[in-house]
Amino acid sequence: FQFGSATIDGLSIALSILIVSIFSRSTKSNESVSKIDFAIMVMAILTVSTSRLYMLPLVLLPIFVVMKSRDKSEMLILGLGISVVIWWLGFGWIHSSMTQKQFEQSRIETLTFYLRQPFQLFEIFSDTLIRLSGFYVDGFIGVLGWLDTRFSRYFYQASTFFLFAAFILSFSLKQVRENVPFSATLILVSVASCALVFVAMLVSAHSHPVTVIPGVQGRYFMIPAIMF
């Protein structure tokens with residue numbers, strides 16, 4: 001469904017799998033990945049992170065590779081990639097089609113407000129997860145149309161069970177112990193990306209304070225799930 005939809009989720013997911021594959025090979029090989037593979041990974045990260053801003057933590061993956069290889073050409077490629085990401089973020093921030101008139105406060109003011117109210121921020125996050133966790137699970141599996149065409153409840157329950165079973169069966173404590181930095185980096189990227197989803201939607205809300213974070217969909221967690 002995602003590959004046949006009008007969104008770019010299919011392309012983003014495919015590029016994310018490519019990114020993880022190259023990153024995984026770089027950690028398991030005694031030699032660093034080729035310059036071409038590293039450049040492809042950086043370009044894929046550039047594409048995903050600039051189209052899905054909550055995936056900006058992906059930048060940590062090539063940084064990990066460069067720290068391991070200490071290759072100057074890879075450092076140059078990484079530096080160029082990060083520069084493009086920063087430029088694009090600045091360009092989008094300045095030329096955003098959403099003007100400040102649409103909001104009671106600017107995004108910076110909103111973010112500052114919640115950072116100064118950590119307990120309220122925690123309450124909003126917890127209430128959002130408690131009230132909407134089922135919606136996120138269903139959206140992760142798939143809700144057709146304009147989020148108004150659902151499969152049967154049995155289908156979502158069965159899909160959730162098999163996804164959880166696949167996760168358990170694919171988990172290897174031995175591999176985690178053998179590749180602690182690799183596993184920790186991927187988990188960090190996954191968790192940070194999920195957190196950014198909620199933060200981005202929170203500061204984009206039209207009025208504050210909110211009781212739950214609006215606009216978050218289950219499909220946003222597909223790429224972080226691949227990383228995890």
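- Scanning both residues, Leu15 and Ala44, for their nearest heavy atoms gives CD2-CB, 4.2 Å.
- Heavy atoms of other residues, nucleotides or ligands lying less than 6.0 angstrom from CZ of Arg116 number 12 at most.
- Between Val197 and Arg52 there is no side-chain heavy-atom pair separated by less than 4.5 Å.
- Taking each heavy atom of Val65 and Ser26 in turn, the nearest pair found is CG2-OG, 3.4 Å.
- Between the side chain of Thr160 and the backbone N or O of Tyr156 there is at least one donor-acceptor pair closer than 3.5 Å.
- Val216 and Val212 fall into different hydrophobic clusters, defined by Ile, Leu, Val, Met, Phe, Trp and Tyr side-chain heavy atoms under 4.5 Å apart, directly or through other members.
- Relative orientation of the Tyr54 and Tyr220 rings is tilted, given thresholds of 30° and 60° on the angle between their planes.
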**OP:** Would you check, one step at a time, whether the test side chain to side chain contact (heavy atoms under 4.5 Å, CB included) holds for Leu121 with Leu202?
**Re:** CA-CA 10 Å; Leu121 180 62; Leu202 176 62; 3.5 Å; yes

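- Between the side chain of Ser16 and the backbone N or O of Ile223, no donor-acceptor pair lies under 3.5 Å.
- Every residue two or more places apart in sequence or in another chain that forms a side chain to side chain donor-acceptor pair (under 3.5 Å) with Ser73 is listed here: Asp71.
- Phe162 belongs to a hydrophobic cluster whose other members, connected by ILVMFWY side-chain contacts under 4.5 Å either directly or through intermediates, are Phe161.
- When atom types are taken as modelled, the side chain of Ser24 and the backbone of Val20 share no donor-acceptor pair closer than 3.5 angstrom.
- Put simply, the side chain of Ser49 never gets that close to the backbone of Leu56: no donor and acceptor are under 3.5 Å apart.
- Residues Ile22 and Ile17 share a single hydrophobic cluster, defined by chaining ILVMFWY side chains whose heavy atoms lie under 4.5 Å apart.
- Around CD1 of Ile36, the count of heavy atoms belonging to other residues, nucleotides or ligands within 6.0 Å does not exceed 12.
- Between Phe64 and Phe23, the ring planes lie perpendicular to each other; the angle is over 60°, past the 30° to 60° tilted range.
- In terms of heavy atoms, Gly215 sits closest to Met201 at O-CE, 3.6 Å.
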